Protein chains: 2
Amino acid sequence: MTEKEHSFNQMADSPRSNEDNFVNHSKPLRADAKQNREQILKAAQKIFAEKGLSIPISEIANQAGVGIGTIYRHFPTKEALFEAVNINYKQRLTSEAKSLMNHVDPGKAFFDLFSRVLDEGFTNRAWKDAFKRGTLISETANLGVLQDFQSAIANLLTRAQQAKAVREDIDVQDLNTLLFSLLLALEQQGDASDIDRFHRLVSIAIDGLRCKDAFNKSK
Amino acid sequence: MTEKEHSFNQMADSPRSNEDNFVNHSKPLRADAKQNREQILKAAQKIFAEKGLSIPISEIANQAGVGIGTIYRHFPTKEALFEAVNINYKQRLTSEAKSLMNHVDPGKAFFDLFSRVLDEGFTNRAWKDAFKRGTLISETANLGVLQDFQSAIANLLTRAQQAKAVREDIDVQDLNTLLFSLLLALEQQGDASDIDRFHRLVSIAIDGLRCKDAFNKSK
DNA sequence: ACATAAAAGGAACAAGTATTCCGTTTATGT
DNA sequence: ACATAAACGGAATACTTGTTCCTTTTATGT
């Protein structure tokens, strides 16, 4: 195994005390602390997007110009930091989805969102990894964001199906899995930057999703 | 990160001495050693297929009823063991591909192989992982097997394209990536056993791969 | 049976990295 | 300026898992 990839696992199984190990951002917050928090989020956003969930937390600390301890003061786990960063992407895409819900052409609206999600993933590794983990959001607190996202997609899918633009035998879960699989597709094979190949794959998926109406070629 | 998955990485960077640390299977081989070797391969085949490359080597040792040291006596690295197991799958599928090369219907031949590869991956996690790693085979010694496999697929693809059964803008690499992505698709989402969903995805891919001849719906 | 080289086994080691702990530094109100 | 709680930093800890090393066991030929 010559590969030099970073690890995915090994987050401690049961943190000994999550009590007040990190700031309970509910009331005050000292000036420098606030600034550091922002630096951490900015650094995390950048690095997670570039390298994905797998980079060591220490790199984010470096990039942010703070110590490891400081990160843990602000976020209880690496996971929590990851989510804090990713929730933005989700909200952005959700609002795009919502604005597409009233588009005159349900088919176009659907495929537009489909492409948007894929484009985001193509350039944003954090988004890919979030998809990869299944749980787009696990915090109970942010459950709403996930539900919004899912229901926006479901809505677009249903409308497109009713308009006979998308095959009717699939559900949101299928869609999710399909998106996921395409996002991961280019992770392998050396040049993950081959955008042409990526577009060809997306094109295959889109054609495959189209409603075949009546004229199905026999098997 | 509550997930309890096993690790993917962390194989030592540069083994200190691979000289004669393991048996140089070229001449003799004591009776018990031979038997153990087979036990190890059998166990590895089973466990890798079930759990993928990520299970700890110690589990294979347990399953095989031998010590860890014994495994390393036979195979220089975990990687080497994995390859020893996987080479079989590749040879099997390659011979299937070759026998399809003379099929009367190039389109059917192509899609049959396509499905076969996916079915194998659906039930065999080792195969999925092998795909995932990009390097289906890295040993120079076994390079031929990989080339056979690739060229068999390339042949089927080309014939299908010439017969206007498959869209012409894709190459073997695209195909590889597509297969890979579908194989990974179900790794996420709890029930990896949802064969119906899997078939729906494969169906989408197949429809997307079909040649659209002339009547392309406008965008 | 015996000698001996082959083989087995598994404790010890190496490495990567998330998380904790605690002594030191700093912002803030008085 | 000062006191003090808040925040910081990063070495130490914990834990996982591939690989090595060396002692003990065993097959095999005589």
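Below, chain A is the first sequence line, B the second, and so on; all start at residue 1. Bear in mind the structure is a predicted one, so any value in this text is a computation, not a measurement.
Shown here are the salt bridge (charged side-chain N to carboxylate O under 4.0 Å, His left out) partners of B/K46, two or more places apart in sequence or in another chain: there are none.
Phosphate proximity of D/dA7 to A/H74: absent, as no side-chain N or O sits under 4.0 Å from OP1 or OP2.
Ring geometry for A/W127 against A/Y89 counts as perpendicular: the plane angle is over 60°, on a 0 to 90° scale with 30° as the lower cut.
As a whole-Å value, the separation of A/I68 CD1 from C/dT20 P is 12 Å. When the P atom of C/dA8 is taken as reference, atom CD1 of B/I60 falls 16 Å away, rounded to whole Å. If you take OH of B/Y72 and P of C/dA12, they are 18 Å apart, rounded to a whole angstrom. Across the protein-nucleic acid pair, A/I71 atom CD1 and C/dT17 atom P stand 15 Å apart, rounded to whole Å. Rounded to an integer number of Å, the gap from CG of B/N36 to P of D/dT26 is 12 Å.
The B/R73 side chain lies nearest to C/dA8 when the options are D/dT17, D/dC8, C/dA8. Among C/dG9, C/dT17, D/dC8, the nucleotide with an atom closest to any side-chain atom of A/T70 is D/dC8. Proximity note for A/A33 (side chain, C-beta onward) versus D/dC8, C/dG9, C/dT19: the nearest is D/dC8.
The two atoms that bring B/A152 and B/A97 nearest to each other are CB-CB, 3.7 Å, heavy atoms only.
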Checklist outcome for this item: Its contact letters, B for base, S for sugar-phosphate only and - for none at protein heavy atoms under 4.0 Å, make nucleotides 25-30 of chain C read -BSS--

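For D/dA1, the paired base is C/dT30 (Watson-Crick or G-U wobble, both distances below 3.5 Å).
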